[in-house]
Asks: 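Mind having a look at this structure? Questions to follow.
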Amino acid sequence: MGMSQTKEESLYIGIDGGGSKCRATIYTSDYRILGTGVAGRANPLHGLAQTFQSIEESTQLALADAGLAASDSKRLIAGLGLAGVNVPRLYQDIANWQHPFASMYLTTDLHTACIGAHQGEEGAVIITGTGSCGYARVAEQELFLGGHGFALGDKGSGAWLGLKAGECALLDLDGFGEKTQLSQRLFDYFGVNNALGIVENLAGQSSSTYAKLARVVFESASEKDSVALDIVTEGAGYISELARKLFAINPPRFSMIGGLAEPLSPWLDEDVLAKTSPILQPPEWGAAFFAKQQHAKA
């Protein structure tokens, strides 16, 4: 047996667990990508068993993609960025897991997204997709804002925009609200022709069903529909305000992340746009970087 067999190179796996999917990427110690895997959702708030299953599946897919054996998971130094682990009880539940890795380091999905966005440097991020939230980390200061979930919060998010579209269309159709082309657009989207048809398609639905309607709101706003304009302006106004609250701790860099980052940007306030920089690396990179840092301290 040569030296290479006894002293194997450290491998890192960065895992980004969210409400819709779990992404895992295996990196060498100099951050070359060896393999990637994507599995189902991994949000501890929606169930631990599902979270562990998605982490294991995405890990196995990444190992296969890297041409490594299933048993090589015990070589991996894992960084996990998961939603909800800022709740101490959930953090403990995950930390106690009999995981398949060499070692595991756990933090929030916001933290790893922020590390990735700024390639290991400090900074702030706003994530706008199905939900919305803000996060900044400077020195030992950490700021979490928003992100209270649908339908309590997540203002300016895809789900919130969709919810507003439904509300305003129904007010219009019942003869209360302002006339809006959102009503006809929702008819077309769902293939219905009355208010009940809209209700039937949206009652009791999840945030992701509502978030799919965000596109309809942006389209109507770009065509100067006054109701859609009001919705987008209010949402973007909140996101701009959220950014300013993050700027209060002077993050050296700021990025917008998520499916709505691009469509929202023309509607944000000038001062916020001026401070926005592109994302440098994905959250999985941030999770691997976090693992490497923590492992060096261990």
Side-chain angles (χ1 to χ4, degrees), residues 1-18 20-44 51-83 85 91 94-95 97-125 127 135 137 142 252-253 255 257-258 277-298:
M1 272 182 52
M3 271 303 285
S4 61
Q5 290 306 107
T6 49
K7 179 87 182 73
E8 290 186 318
E9 189 204 358
S10 290
L11 296 180
Y12 296 87
I13 187 166
I15 296 171
D16 177 42
S20 57
K21 60 180 181 293
C22 181
R23 291 184 66 92
T25 301
I26 299 171
Y27 295 89
T28 59
S29 55
D30 56 356
Y31 300 105
R32 280 185 305 110
I33 294 178
L34 296 180
T36 294
V38 183
R41 75 175 185 185
N43 183 340
T51 298
F52 295 146
Q53 189 189 331
S54 296
I55 292 170
E56 291 189 341
E57 276 178 27
S58 59
T59 297
Q60 284 306 322
L61 289 165
L63 284 164
D65 189 37
L68 293 164
S71 59
D72 280 326
S73 68
K74 55 182 182 297
R75 278 181 63 189
L76 303 173
I77 296 159
L80 267 61
L82 300 179
V85 298
Y91 184 94
I94 308 257
W97 179 39
Q98 296 296 304
H99 62 77
F101 308 109
S103 46
M104 180 180 83
Y105 302 95
L106 179 60
T107 186
T108 66
D109 56 337
L110 288 172
H111 186 199
T112 52
C114 193
I115 294 171
H118 312 304
Q119 203 157 337
E121 300 300 319
E122 295 179 333
V125 288
I127 302 182
Y135 174 83
R137 192 183 180 102
E142 205 174 25
R253 206 170 176 278
S255 297
I257 300 179
S277 304
I279 300 160
L280 299 176
Q281 296 286 353
E284 309 87 84
W285 187 98
F289 181 92
F290 175 76
K292 191 176 175 184
Q293 268 198 324
Q294 296 303 307
H295 196 67
K297 290 181 198 166

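All residue numbers in this chain count up from 1 along the given sequence. These figures come from a predicted structure and were not determined experimentally.
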Asks: Could you give the distance from CE (M104) to CG (L76), rounded to the nearest 0.5 Å?
Replies: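 Here the interatomic distance stands at 13.0 Å.
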Asks: Kindly indicate, with the supporting measurements, whether the criterion side chain to side chain contact (heavy atoms under 4.5 Å, CB included) is fulfilled by K292 and Y31.
Replies: CA-CA 10 Å; K292 191 176 175 184; Y31 300 105; 3.4 Å; yes
Asks: Ring-plane angle category for W97 and F52, please: parallel below 30°, perpendicular beyond 60°, tilted otherwise.
Replies: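 W97 and F52: parallel rings.
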Asks: Quick one: does S54's side chain have a donor or acceptor within less than 3.5 Å of a partner on G40's backbone?
Replies: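 Yes: the side chain of S54 pairs with the backbone of G40.
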Asks: Indicate the atoms forming the closest heavy-atom contact of L63 with A70, along with that distance.
Replies: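 Taking L63 first and A70 second, the nearest heavy atoms are CD1-O, 3.6 Å.
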Asks: State whether a side-chain donor-acceptor pair under 3.5 Å links T25 with T36.
Replies: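 Per modelled atom types, T25 and T36 side chains form a pair under 3.5 Å.
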Asks: In plain terms, say whether E142 and R137 are close enough for a salt bridge, that is, a side-chain N and a carboxylate O under 4.0 Å apart.
Replies: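 The answer is yes: the pair qualifies as a salt bridge.
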Asks: Just to verify, what does T28 make a side-chain hydrogen bond (donor to acceptor under 3.5 Å, both in side chains) with, not counting sequence neighbours?
Replies: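 Expected list: D30.
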Asks: Given side chains that start at C-beta, do those of I77 and Y105 come closer than 4.5 Å, heavy atoms only?
Replies: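 They are in contact (side-chain heavy atoms under 4.5 Å apart), so the answer is yes.
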Asks: Look at the rings of F101 and H99 and say which category their plane angle falls in: under 30° parallel, 30 to 60° tilted, over 60° perpendicular.
Replies: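 If you compare the ring of F101 with that of H99, the planes turn out parallel.
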Asks: Give me each pair satisfying side-chain hydrogen bond (donor to acceptor under 3.5 Å, both in side chains) with a member in residues 60-75, each pair once, sequence neighbours excluded.
Replies: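 Passing the test, one end in residues 60-75: E8-R75.
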Asks: Classify the ring geometry of H111 against Y135: parallel below 30°, tilted from 30° to 60°, perpendicular beyond 60°.
Replies: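 It falls in the tilted class, 30° to 60°.
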Asks: Is the closest side-chain heavy-atom distance between I115 and Q281 below 4.5 Å?
Replies: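 When only atoms from C-beta onward are counted, Q281 and I115 do not touch, as no gap falls below 4.5 Å.
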